[in-house]
Amino acid sequence: MQVIKTENLVKSFRTEEIETIAVDNLSLEVDKGEFVAIMGPSGCGKTTLLNIFGLLDAPTSGKYFLNGEDVSTLNERARTFLRRGKVGFIFQSFNLIDELTVYENIELPITYMKIAPARRKEMVNDIMERMAISHRANHFPHQLSGGQQQRVAIARAVVLNPELILADEPTGNLDSKNGVEVMKILTELNDGGTTVVMVTHNLRDAEYARRTIDMFDGKISSVTVNSINR
Amino acid sequence: MNTFSRNIRFILRRFKLSTVLNVVGLSVAFAAFMMILMQIWHDATFNTSIRDADNIYMVYSVDKDGVKFTYISYPWAENIASMSQPKAQYVLYEDFGSNSQTFYVNGNYIKEDKINVSANFPEFFGFSMIAGGENCLEQENAVIVPESFALRYFGTADVIGETVDREKKIFISGVYKDFPANCFIKNILYSRLYISNTMKMNWESNSYTMFLKAGNSLAEIERGTGMDLKQRNEKAGKYAFRDSFEFARITELQDLDGVEGSPVAPVSPSMQLMLVSIAIAIILIATINYVNFANSLIPVRLQSINTQKILGATVCSLRGTIVLESLLICLLSFFVALGIMSLLSDSWIAGLTEAGIAPAKNMPAVMVTCAVVVAVAVVAGAIPAYRITSYSPAVALKGNFGLSPAGKSMRTFVVGVQFFTSAALMIAASFMLLQRNYLTRSADYGFAKDELIVCDIGYPAQMPEDLNTVADAVRRLPYVSAASLSWSTLGESDNTQGWVFKDINGDWVNPRTLFGEQDYLKTMDIELIEGRDFSTRDTNVIIVNQLTRDKFPETVDVGKKLKFGEWYEIIGICENAKFSSLRSETEPVMIIKMKDYYCSILNVRVVAGTNMFDAMSGIRETLNSFDPGYAFELRFYDQILDATYQKENKLSSQITIFSLLAVFISIIGVFGLVMFDSEYRRREIAVRKVFGATTVGILRMFNIRYLSILAVSFVFAAIAAWIVVGRWLENFAYKIFLSPLVALAVFALLAVITVATVTGQCLRIARSNPVEGLRNE
């Protein structure tokens with residue numbers, strides 16, 4: 001079953017003078033449980049595509065099916081409700097909220113779901129334990145190392161056990177040791193059945209994926225099926 | 001200087017709206033501060049324009065019950081002045097509360113105030129005479145007029161010899177230069193006070209107010225008067241009613257509270273304190289707003305400032321530049337404030353303060369405000385200047401310092417202070433407006449005032465000798481249900497008379513005294529408890545209120561008689577209506593109908609449902625049939641009470657306006673903070689949206705934060721307002737209940753304003769695509 005399917009997807013940005021096409025007539029399918037890496041030079045449309053996959057942005061034209069449902073023309077509110085609990089995001093710069101503690105940052109997605117406080121606590125504690133950051137629960141992001149911050153970001157992304165994880169250069173701000181650790185976590189999640197779509201510049205990280213899609217000027221230039229490097 | 005102008009251009013370009021809002025907020029704050037200072041200066045310098053003011057004292061008495069009053073008899077005045085050697089100079093005047101009289105000038109009837117004063121009054125108070133000498137009141141039928149009067153009615157100050165009455169008897173003997181507004185000497189007409197030989201001998205006829213030039217002899221006069229009074233009281237035994245004489249310097253008359261007959265309405269210290277507090281609060285709010293604005297620029301200016309540091313600028317010069325920027329913006333706001341004040345100096349706003357608001361006429365207030373502006377500029381500039389230059393350049397060039405926990409706490413506190421001030425002022429203003437409405441509209445005066453029209457038909461209107469003829473003519477009008485003559489207007493002032501009657505045993509019966517004619521109770525709709533109302537045939541009869549009977553249970557009742565020269569029969573007991581203003585408790589009162597007492601106020605009760613304006617013009621027509629062309633003064637009770645509580649009305653208007661200004665400035669501050677907050681939390685908003693927050697959810701989050709601050713601040717504000725308003729209400733014997741509903745209404749209003757401001761400001765960011773927020777990062 002396909003989690004993601006696009007048909008002739010186009011995303012363009014228009015300013016007063018010029019129109020930039022970030023995603024150009026792109027058709028793609030990602031199966032449930034797949035780990036896909038998207039690579040390509042800066043400005044080729046990788047992050048834009050990921051944002052569309054995550055329902056953060058709407059395509060200019062073309063079709064986007066999420067779990068078989070056409071979501072290309074949904075309004076912002078509908079996209080928000082659809083995203084809740086189903087899609088987890090991991091960013092290069094972590095995007096943790098400075099004023100919230102580690103615990104509160106991880107709890108954030110759950111606060112938008114109707115989940116009882118006791119259950120909420122249990123979920124956050126479970127994921128903190130899994131990510132080995134329980135001892136940092138009451139710390140603020142600026143008190144953590146980069147690796148720890150990314151582990152918190154991953155914990156936040158997966159605390160609701162989403163079907164799809166979208167990771168935008170998850171190791172971009174990390175040293176190699178922490179980078180490997182993050183990739184291992186993503187692999188484990190994928191092994192558990194979660195679909196992972198990851199944008200990366202790093203060839204070594206891409207090797208963790210089953211399939212690597214290369215993009216150039218908003219189009220797929222090549223697709224490689226990887227021999228698994230885990 | 002280049003750096004300075006570059007920085008200013010940067011701020012104006014990048015933060016146009018914030019800068020404009022701050023200039024507007026500061027300008028309004030400076031203007032409000034200046035207005036309050038003008039009022040405070042006006043109060044503080046009260047009467048200081050009078051020559052030798054420090055040596056002039058008003059004499060007042062305190063009776064056995066602690067009641068203070070100015071009324072004094074001629075023999076007592078002479079006696080007091082003679083206590084020093086040589087005899088102290090003094091003046092008397094005769095004040096009946098309402099001194100408005102009709103004059104006839106150049107073929108027109110005009111209403112002006114006139115009081116009778118001692119002949120040496122101009123010299124005593126140092127009148128600056130433009131025409132005529134200081135002794136111009138010595139002549140019979142002479143009046144002196146202020147320059148403004150002469151110019152208004154004659155177009156010139158050269159008016160010596162002009163007459164001001166229809167009989168052309170009263171002539172102008174002098175023109176004096178107008179006194180400033182902050183002086184108890186009103187710019188009115190003054191005529192000579194003639195004291196009959198009888199009055200010169202009568203120690204009990206307390207008809208005058210006395211001013212004494214005591215100077216160094218005050219202690220001697222006080223001692224002598226005290227001893228003399230003691231001896232006289234011992235002699236008078238139970239008939240002694242004066243406990244002491246007091247002497248109040250005329251520069252301090254405003255501080256005197258509750259002295260009946262004082263020419264100056266007291267200025268309550270709590271109200272002065274409140275005005276000062278409002279002035280400080282307004283400046284504080286504006287300063288906080290500005291400091292906050294300047295602080296909010298730190299993160300965006302950090303890089304440019306520290307780049308300049310790296311390139312060789314000294315910390316000192318950078319700090320100086322930032323303070324200079326602040327000074328420029330504050331001075332700009334100050335000049336805008338001056339412009340606003342000048343523009344409004346002829347508008348109704350000017351009436352808010354007794355001093356007016358023209359900057360040119362209130363230079364001390366302008367100078368003080370200017371000093372405050374510089375102080376605000378230095379504080380508002382120094383704080384961010386210090387902060388922005390205290391980071392190491394290496395850290396500053398890559399850091400984001402917008403939302404440190406300390407900064408967040410500071411902003412929360414700042415918003416709290418603004419909400420506290422706004423809420424406290426709004427609650428106080430609401431209660432003051434309610435009290436004002438109570439005094440003039442909703443209070444139960446014990447008589448029905450809604451269908452009453454009050455007409456002054458006294459001299460110089462040429463009426464029949466028996467004014468009851470006029471009353472009868474008015475009674476015949478179809479829409480008039482009753483009409484009655486009286487000496488004074490009920491509830492208008494505290495200046496009733498105090499005659500001393502004696503009962504059959506010779507004991508004193510001395511309630512306040514009013515004078516009325518037939519149908520008085522019926523006309524005023526005062527409930528009769530026992531007995532009957534005045535009739536046409538009555539002479540020398542009295543109606544007393546219930547309090548009088550309660551105070552003199554043995555001697556006062558229907559059918560009993562009291563003596564004042566002749567015997568007077570008590571024919572009725574009525575309810576305790578409010579005979580004086582609501583500032584004082586209802587007192588024992590007797591209403592007297594006696595032969596030949598000049599009752600020239602015609603009270604007319606109109607049939608309910610009649611158009612009052614039609615009724616008024618009908619009554620005026622009837623009055624004109626007696627004296628065609630005469631400008632009769634007819635008033636509704638609302639007008640009378642508005643005039644009575646002018647001081648209170650002015651104060652509540654001041655507090656209301658300044659409260660609204662404070663709320664406006666606070667909301668500008670909150671607006672700025674929300675703008676800052678939402679801008680700097682764009683990334684957070686984006687992250688929250690990525691993880692499932694909706695636009696409504698984001699707005700809710702911001703609103704809850706600000707409403708929580710409002711709620712906490714409001715509790716403190718309500719307590720503070722409760723205390724201050726409670727103290728103010730102590731000035732009134734009759735007052736409103738401090739209902740918590742008022743506070744709740746203020747909370748609701750502030751909450752609505754807050755939600756509107758927060759929602760309006762955050763909506764754009766809350767609705768924006770989260771990708772935008774993350775991309776910015």
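FYI, side chains are in, hydrogens and waters are out, and symmetry mates aren't considered; it's all heavy atoms of this structure. Naming convention: chains lettered A, B, ... in sequence-line order (proteins, then strands); numbering from 1 in each chain.
- For A:K219, the side chain to side chain contact (heavy atoms under 4.5 Å, CB included) criterion is met by A:D24, not counting sequence neighbours.
- The shortest distance between side-chain heavy atoms of B:V690 and A:R156 does not fall below 4.5 Å.
- With chain B as the partner, the residue from A:L55, A:L96, A:T47 showing the most heavy-atom pairs under 4.5 Å is A:L96.
- Heavy-atom contacts from other residues, nucleotides or ligands closer than 6.0 Å to CZ of B:R705 number more than 12.
- Every residue meeting the side chain to side chain contact (heavy atoms under 4.5 Å, CB included) condition with B:A717, not counting sequence neighbours, appears here in chain and number order: B:F420, B:A423, B:A424.
- Comparing A:L160, A:V87, A:T80, A:I97 by heavy-atom pairs within less than 4.5 Å of chain B, the highest count is held by A:I97.
- Atoms CZ and OG1, on A:R77 and B:T694 in that order, are 6.0 Å from each other to the nearest 0.5 Å.
- Only the side chain of A:F81 comes within contact range of chain B, with heavy atoms under 4.5 Å apart.
- Under the 3.5 Å distance criterion, the side-chain polar atoms of A:R83 are matched with a main-chain donor or acceptor of B:K689.
- Rounding to the nearest 0.5 Å gives a distance of 10.5 Å between OG1 of A:T111 and CE of B:M701.
- Annotation: the span from B:E684 atom CD to A:N105 atom CG amounts to 9.0 Å, rounded to 0.5 Å.
- Heavy-atom minimum distance, A:L108 versus B:V687: CD2-CG1, 4.3 Å.
- Among all heavy-atom pairs drawn from B:F691 and A:Y112, the shortest one is O-CD1, 3.4 Å.
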